[in-house]
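Read the structure below first, then the notes.
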Protein chains: 2
Amino acid sequence: MPRIGLDLTILLQAAAEIADTQGIEGLSLATLAKKLNVRTPSLYNHVDGLPGLRAKLSVYGLEQLHAKLTDAAVGRSGDDAIRAFGEAYIAFARSRPGLYDLTLRAPDPHAPEVVQAGKKLVDLLVRLMNGYGLENDDALHAIRGLRSVLHGFASLEQKGGFGLPLDLDKSFRLLLDAFLAGIHTIRSKAPVDGGQP
Amino acid sequence: MPRIGLDLTILLQAAAEIADTQGIEGLSLATLAKKLNVRTPSLYNHVDGLPGLRAKLSVYGLEQLHAKLTDAAVGRSGDDAIRAFGEAYIAFARSRPGLYDLTLRAPDPHAPEVVQAGKKLVDLLVRLMNGYGLENDDALHAIRGLRSVLHGFASLEQKGGFGLPLDLDKSFRLLLDAFLAGIHTIRSKAPVDGGQP
DNA sequence: TTAATATAACTAATGTTATTAGTTTTTGCA
DNA sequence: TGCAAAAACTAATAACATTAGTTATATTAA
């Protein structure tokens, strides 16, 4: 019945592209409308204003991230799985900086959709940690730690927080190794898959 | 000679207060002017527009953070120093969320003032790491790791990334312990070029 | 095939904010 | 006392988000 022009998916992809290239501040209804050859108010037929756009993008980004992470972790376990997870996480943040940023900037982080998309990520991590030998609260604390490590590194890298001319990949590998070694120590057990090289 | 009304320090304190309470998005020239009982254009006599305000606030925040961290670390060494540093870091991020956010959101992270304020922080950490037994690149990688851990935790906590009802302080202690244990392991292993596959 | 309807996209209008230009006012010093 | 510097002001403009109300088109039903 309607005039079928736009489509929510196309709209979100275009918005994500703007966020990735112009930064999150550069994503406005005006720039998005221009990119889509449409007048600004037309966007209101698809999203609930700028906050609504950002909310949908957050979920969209979380889903994309989850897909990449699942892909990386599947078929692996122990340190191996966590390293693959970590590398995929950083790779996503690097390749889609704006979209990654959005995943942590939902207008309302307690909105059901955002919470659920985030939960899927945590669930994936819980499975990894369980297979790793960590259960219940131990697993949850470890998950918070890993997320801190990964988000902290990705965020600082993106924001230019690392000024010095020092190999970033090496810094990241060392950080992840340190975290894994620390988890092993805390757990007071032998590494599941043989530990560090 | 001039009409002495405002003062850059007062202005920055007011701006930081807005950022801390309303969030960084709530800090506009309009809200700041209202808080100071002044018309918006008057602010241009003190800062170079909104970007200029943010730039000055970034430096201001970095200085405040540096002061707290120095205070916490002085007189300590080893793990003790790093734990105190980490706790002070998190405490600052919690007590001044907006200002902390600003420290990593300079309009131009490569501006000399921002770079220098950041460098003071790194210098402090270099001293800690040296006293800890880590030198040169090893120290720099460890510093990047520690900053990632601290910023990641602070950022996720602030953005509501930790949804579950689990003791945050315990999560943080465990994370820091894991990182420190990991650093110990790495340090005792391959100091010079500890290459991964 | 045609008419009705739902809805996408539009124009017009309003309010907020940032910013610039130009004016007024006040303070400190000659 | 008067002058110059600079802070604060008014006025004006542009960009953006948002709302209200209109137009046009695609699908469905007659």
Side-chain angles (χ1 to χ4, degrees), chain A residues 1-60 98-99 101-102 105-109 111 114, chain B residues 1-60 98-99 101-102 105-108 111:
Chain A
M1 309 139 169
R3 225 196 295 193
I4 306 177
L6 290 182
D7 165 285
L8 187 55
T9 304
I10 292 177
L11 191 148
L12 290 180
Q13 283 172 352
E17 209 172 302
I18 293 174
D20 285 335
T21 54
Q22 320 289 320
I24 209 175
E25 313 288 338
L27 175 61
S28 63
L29 293 184
T31 55
L32 179 56
K34 193 165 297 174
K35 186 183 180 81
L36 294 170
N37 289 310
V38 149
R39 303 304 173 124
T40 309
S42 305
L43 300 175
Y44 283 77
N45 288 314
H46 302 276
V47 292
D48 194 7
L50 188 54
L53 173 62
R54 289 216 253 241
K56 282 209 162 65
L57 263 186
S58 297
V59 175
Y60 176 73
L99 192 54
D101 216 2
L102 259 311
R105 288 223 227 166
D108 177 12
V114 176
Chain B
M1 310 131 176
R3 226 197 295 195
I4 306 176
L6 290 182
D7 166 283
L8 187 56
T9 305
I10 293 177
L11 191 147
L12 290 181
Q13 283 173 353
E17 209 173 302
I18 294 174
D20 285 335
T21 54
Q22 318 292 318
I24 208 175
E25 313 289 338
L27 173 62
S28 63
L29 292 185
T31 57
L32 179 57
K34 193 164 298 174
K35 185 184 182 80
L36 294 170
N37 289 310
V38 147
R39 305 301 174 128
T40 310
S42 305
L43 300 175
Y44 283 78
N45 288 314
H46 302 277
V47 292
D48 195 8
L50 188 55
L53 173 63
R54 289 217 252 242
K56 283 208 161 65
L57 264 185
S58 296
V59 175
Y60 176 73
L99 192 54
D101 216 4
L102 259 311
R105 287 223 227 167
D108 176 14

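All values derive from a computational prediction rather than experimental measurement. Hydrogens, waters and symmetry mates play no part in the numbers below; they use all other heavy atoms, side chains included. Residue numbers start from 1 in every chain, and the chains themselves are labelled A, B, ... in the order their sequence lines are given, proteins ahead of strands.
- The shortest distance between the side-chain N/O atoms of A/Ser42 and the OP1/OP2 oxygens of C/dC10 is below 4.0 Å.
- In this structure, B/Leu29 atom CG and D/dA8 atom P are separated by 14 Å, rounded to whole Å.
- Atom CG in B/Leu32 sits roughly 13 Å away from atom P in C/dT19 (whole-Å rounding).
- When each of D/dC9, D/dT19, D/dA7 is scored by its nearest atom to the side-chain atoms of B/Pro41, the top-ranked nucleotide is D/dC9.
- Atom CG in A/Leu27 sits roughly 13 Å away from atom C1' in D/dC16 (whole-Å rounding).
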Does B/Leu53 form a side-chain contact (heavy atoms from CB on, under 4.5 Å) with B/Leu12? I'd like the steps, not just the answer.
CA-CA 8 Å; B/Leu53 173 63; B/Leu12 290 181; 4.1 Å; yes
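- Taking the side chain as every heavy atom from C-beta outward, B/Leu8 and B/Val47 approach each other to under 4.5 Å.
- In the set C/dA9, C/dT11, C/dA18, the nucleotide with an atom closest to the side chain of B/Ala30 is C/dA18.
- Looking at the side chain of A/Ser28, the nearest of the listed nucleotides C/dT17, D/dA17, C/dA9 is D/dA17.
- For the pair A/His46 and C/dA9, the criterion of a side-chain N or O lying under 4.0 Å from OP1 or OP2 is met.
- We find that CG of B/Leu6 is positioned 8 Å from P of D/dC9, with the value rounded to whole Å.
- One interatomic measurement links the two molecules: CZ of A/Arg39 to C1' of D/dA15, which rounds to 15 Å at whole-angstrom precision.
- To the nearest 0.5 Å, atoms NE2 (A/His46) and CG (A/Leu6) are separated by 4.5 Å.
- Nearest to the side chain of B/Val38, among D/dT18, C/dA18, D/dC9, sits D/dC9.
- From B/Gln13, atom CD reaches atom CG of B/Leu36 across 10.5 Å, with rounding to the nearest 0.5 Å.
- Taking atom CD of residue A/Glu25 and atom P of nucleotide D/dA15, one finds them 19 Å apart after rounding to whole Å.
- Side chain B/Asn45 to base D/dA8: a donor-acceptor pair is found below 3.5 Å.
- Per the geometry, CG belonging to A/Leu8 stands 11 Å off P belonging to C/dA8, to the nearest Å.
- Side chain of A/Ser58 to backbone of A/Arg54: a donor-acceptor contact under 3.5 angstrom is found.
- Candidate nucleotides C/dT19, C/dT17, D/dC9 were compared by shortest atom distance to the side chain of B/Pro51, and C/dT19 ranks first.
- Comparing C/dA8, D/dT10, D/dA17 against the side chain of A/Tyr44 picks out D/dA17 as the nearest.
- Taking atom CG of residue A/Leu50 and atom C1' of nucleotide C/dG15, one finds them 16 Å apart after rounding to whole Å.
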